[in-house]
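Worksheet for the structure shown next.
Please read these numbers as outputs of a predicted model, since none were measured by experiment. Values below: every heavy atom of this structure, side chains too, minus hydrogens, waters and symmetry copies.
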Amino acid sequence: MGTSDTMQAQVALVTGAGSADGIGFAIARALVAAGVHVAVAATTERIHDRAASLGPDAIGLVADLTDPDAVAGLFDELVRWRPRLDIVVNNAGMASVGAGTDTAKPLAALSHAEWNDTMQRNLTTAFLVCRAAVPTMTAAQYGRIVNVASTSGPVSAFVDGSAYAAAKAGMVGMTRALAIEVARSGITVNAVAPGWIDTPSVSDTERRAGAATPMGRSGRPDEIAGAVVFLASPSASYITGTMLVIDGGNAVAEDHGIGD
């Protein structure tokens, strides 16, 4: 039985899906193609445009997922839309330089506020969403949680990225701990760790890093989406507490093209 056959009419929540060309929206598109009813969430009203483009089996939800009350309100809306929740994909979070995003700087130069902001957006969001989703999934004795981490932190690191690396490594630790908590409730919890992925938010430096991978290119959002949909499917029923690295072999290579 194919994945699309086994996921018909399931309900998913995908966070961080506001960018039309980002990883979150690519995941949402792939889930809809598999027959899933998808709620997409972001911090701005543009999420309604993303939901409209997905068709009648989607809804857009606006919420600041660092705020516990906002997360509770989002789940209230979700339940009113569909009375079940089978899949949660925690994609919210960002690492780039600019207003309202992570500031790349040495650890000794990070302010307490900058550290906390990075943790809130890249780790606390996933914690709050998981905490809200688990009771519903436990009651149904079924659920799939997929956390979008990064190779930065769990596998490697970039200069001046200590806060982001810590948050993403923390996400993987949370994934593993939650996986064993809920394993006997029919819920699996896994993480994917994208490497250099070509989205609108990447810098020229990041694109050059993608070109230095063994595959000679950055990854595409749909290449992350395919892995997430598998982990979110009934076919992945005996996979839990794991992290799938999706980086074109970048973590394996040692010379990164030095000998070319």
Side-chain angles (χ1 to χ4, degrees), residues 13-19 22-28 40-44 47 61-68 70-71 74 88-107 109-133 145-179 189-197 199-203 206 209 219 221 224-225 227-228 231 243-247 251:
L13 169 65
V14 181
T15 70
S19 171
I23 291 172
F25 191 59
I27 293 168
V40 286
T43 57
T44 67
I47 197 63
L61 303 172
V62 179
D64 175 3
L65 299 181
T66 67
D67 179 351
V71 172
L74 179 147
V88 166
V89 180
N90 282 302
N91 180 65
M94 190 69 175
S96 62
V97 178
T101 59
D102 298 337
T103 301
K105 61 176 65 172
L107 183 145
L110 276 173
S111 70
H112 193 194
E114 288 167 336
W115 173 272
N116 283 341
D117 179 64
T118 301
M119 293 298 159
Q120 286 283 314
R121 287 183 292 103
N122 292 291
L123 180 55
T124 301
T125 51
F127 156 67
L128 292 174
V129 170
C130 285
R131 187 176 68 173
I145 297 173
V146 184
N147 295 320
V148 181
S150 172
T151 53
S152 297
V155 178
S156 57
F158 57 88
V159 174
D160 296 342
S162 56
Y164 180 77
K168 290 302 187 180
M171 178 181 276
V172 175
M174 184 184 73
T175 296
R176 291 171 177 153
L178 181 58
V189 189
N190 293 290
V192 295
W196 302 113
I197 307 300
T199 68
S201 67
V202 304
S203 66
E206 290 168 328
I224 308 302
V228 170
L231 289 173
M243 180 185 75
L244 176 61
V245 175
I246 311 170
D247 71 345

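- Scanning all heavy atoms of the two residues, the minimum distance from Trp115 to Leu110 falls at CE3-CD1, 4.1 Å.
- In this structure, the side chains of Leu65 and Leu128 stay at 4.5 Å or more apart for every pair of heavy atoms.
- The two residues Val71 and Ala132 have their closest heavy-atom pair at CG1-CB, 4.1 Å.
- A donor-acceptor pair under 3.5 Å links the side-chain atoms of Thr15 to the main chain of Ala92, judged by distance alone.
- Closest non-hydrogen pair, Leu231 versus Val146, comes out as CB-CG2, 3.9 Å.
- Residues Met243 and Val155 are in side-chain contact: their nearest non-hydrogen atoms beyond the backbone lie under 4.5 Å apart.
- A distance of 10.5 Å separates CG of Leu178 from CG of Asn190, quoted to the nearest 0.5 Å.
- Within the 4.5 Å cutoff, side-chain heavy atoms of Leu74 are placed close to those of Leu13.
- When all heavy atoms of Thr151 and Gly195 are compared, the closest pair comes out as OG1-CA, 3.6 Å.
- Under the 4.5 Å side-chain criterion, counting only non-hydrogen atoms from C-beta, Ile197 is in contact with Pro221.
- Under the side chain to side chain donor-acceptor pair (under 3.5 Å) criterion, Asn91 pairs with no residue, sequence neighbours left out.
- Between the NZ atom in Lys168 and the CG atom in Asn122 there is a gap of 5.0 Å [rounded to 0.5 Å].
- By the 4.5 Å heavy-atom criterion applied to side chains, Ile23 and Val228 are not counted as neighbours.
- No side-chain heavy atom of Thr125 sits under 4.5 Å from any side-chain heavy atom of Asn90.
- Counting heavy atoms from C-beta on, the side chains of Ser19 and Ser201 never come closer than 4.5 Å.
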Next on the checklist: Pair Trp196, Val202 - check side chain to side chain contact (heavy atoms under 4.5 Å, CB included), show working.
Outcome noted: CA-CA 9 Å; Trp196 302 113; Val202 304; over 6 Å; no
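- Inspection of the Asn147 and Thr175 side chains reveals an N or O donor paired with an N or O acceptor under 3.5 Å.
- Contact of the Met171 side chain with the Ser150 side chain is not registered, since no non-hydrogen atoms from C-beta on lie closer than 4.5 Å.
- Atoms OG1 and CE, from Thr124 and Met174 in turn, are 9.0 Å apart once rounded to the nearest 0.5 Å.
- Across every non-hydrogen atom of Val40 and Ala28, the tightest pair is CG1-CB, 3.5 Å.
- In terms of the side-chain contact (heavy atoms from CB on, under 4.5 Å) criterion, residue partners of Ala42 (sequence neighbours excluded) are, by chain and number, Ile47.
- The two residues Thr199 and Gly22 come nearest to each other via the heavy atoms CG2-CA, 4.4 Å.
- Applying the side chain to side chain donor-acceptor pair (under 3.5 Å) rule to Ser111 yields the partners Glu114; only residues at least two apart in sequence or on another chain are considered.
- Note that the CD1 atom of Ile145 and the SG atom of Cys130 stand 4.5 Å from one another [nearest 0.5 Å].
- Interatomic distance, Asp117 CG to His112 NE2, rounded to the nearest 0.5 Å: 11.5 Å.
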